[in-house]
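All values below were derived from every heavy atom in this structure, side-chain atoms included, with hydrogens, water molecules and symmetry-related copies excluded. Both counts, for ligands and for their atoms, begin at 1 and track the order of listing. On a predicted model such as this, the values are computed, not experimentally measured, just so you know.
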Amino acid sequence: MRLEGHHALVTGGGTGVGRAIAQALAAHGARVTITGRREAPLRETAEGQAEMGWITGDVTRAGEVTRVVEQASQERGPVTIAVANAGAAESKPFAKTTAQDLDAMLAVNLHGVFNLWQAVLPGMREAGRGRLIAIASTAGLKGYPYVSGYVAAKHAVVGLTRSLALELAKTPITVNAICPGFAETPMLEESIDNIVAKTGRSREEAAKALASGNPQGRFVRPEEVADAVLWLAGDGAGAVTGQAISVSGGEV
Ligand SMILES: NC(=O)c1ccc[n+]([C@@H]2O[C@H](COP(=O)([O-])OP(=O)(O)OC[C@H]3O[C@@H](n4cnc5c(N)ncnc54)[C@H](OP(=O)(O)O)[C@@H]3O)[C@@H](O)[C@H]2O)c1
């Protein structure tokens with residue numbers, strides 16, 4: 001699969017899943033812009049990659065996302081692949097979850113997707129092609145205890161995906177969500193740290209407990225999520241829209 005002529009924008013592209021997606025898209029010929037709040041991981045990811053640039057920005061702020069998309073489009077042409085990957089997961093029992101906690105989960109995991117897709121859609125319509133891709137989660141398809149805000153936000157992303165796909169079905173723009181199970185990234189490390197701190201279990205035990213939810217008994221590799229993005233980005237996936245694709249070893 002070759003993606004020459006495409007410009008892909010990946011939010012949260014400096015770490016974990018987003019970094020693997022950005023690298024895979026660049027390796028397949030796309031020009032790539034990565035964004036996130038911290039400069040260091042963006043700079044490090046883009047280093048030595050001729051066709052990859054970075055711009056800092058916060059996906060929870062619509063104005064910042066618009067600025068990032070405008071600058072990226074000036075530098076590398078209209079965005080034709082938009083991967084809304086930035087996200088965060090806070091773990092708390094429901095009884096201790098405040099309205100502010102819920103708002104924070106919705107801000108990054110739902111509004112972050114909304115803000116990116118709003119900002120890139122006019123350019124895609126003009127370019128006459130586009131791929132809107134959200135990195136949701138198995139938490140968009142099933143519940144998990146102690147992460148109700150995160151699960152609610154990821155379910156909302158799947159709903160947004162299905163609805164927008166129908167609105168755009170007569171255009172050459174597809175809209176899909178990818179739903180990974182627990183994947184080997186900094187976010188997973190935080191989840192393990194959290195279990196260790198709250199239960200006194202060892203890191204090994206905590207990791208084993210999380211991996212046991214995956215029927216394959218392992219964590220998903222970020223590169224496996226990136227492969228699904230590559231497929232959706234290609235011309236051959238033109239008939240695939242409104243889907244929530246599970247990459248989870250059969251968990252969902
Ligand atoms: N790891 C898993 O087990 C797993 C499973 C299913 C789904 N996912 C999803 O995969 C996506 C990537 O997560 P990951 O596992 O790769 O974790 P990660 O390494 O922690 O990545 C999260 C990325 O999002 C960026 N980010 C967070 N808040 C942001 C904001 N307000 N504005 C802009 N960027 C922001 C972070 O960069 P800055 O901090 O520099 O902003 C970081 O690069 C998330 O949507 C997550 O929900 C992960």
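Listed for the Asn109 side chain is no donor-acceptor partner under 3.5 Å among the backbone atoms of Lys154.
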Pair up each side-chain donor or acceptor in residues 24-31 with any protein partner under 3.5 Å, not counting sequence neighbours, and list the distances.
from, atom 1, to, atom 2, distance (Å)
His28, ND1, Ala24, O, 2.9
Arg31, NE, Arg76, O, 2.8
Arg31, NH2, Arg76, O, 3.1

Scan the side chains in residues 110-124 for donor-acceptor partners under 3.5 Å anywhere in the protein, sequence neighbours excluded, and list what turns up.
from, atom 1, to, atom 2, distance (Å)
Asn115, ND2, Val59, O, 2.8
Asn115, ND2, His111, O, 3.2

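Residues satisfying the side chain to side chain contact (heavy atoms under 4.5 Å, CB included) criterion with Ala104, sequence neighbours excluded, are absent altogether.
Closer than 4.0 angstrom to ligand 1 lie heavy atoms from Gly12, Thr15, Gly16, Val17, Gly36, Arg37, Arg38, Gly57, Asp58, Val59, Thr60, Asn85, Ala86, Gly87, Val108, Ile135, Ala136, Ser137, Tyr150, Lys154, Pro180, Gly181, Phe182, Ala183, Thr185, Pro186, Met187.
Classification of Arg19 and Glu44 as a salt-bridged pair holds, one side-chain N sitting under 4.0 Å from a carboxylate O. Using a 4.0 Å cut-off between charged nitrogen and carboxylate oxygen, Arg218 and Glu184 do not count as a salt-bridge pair.
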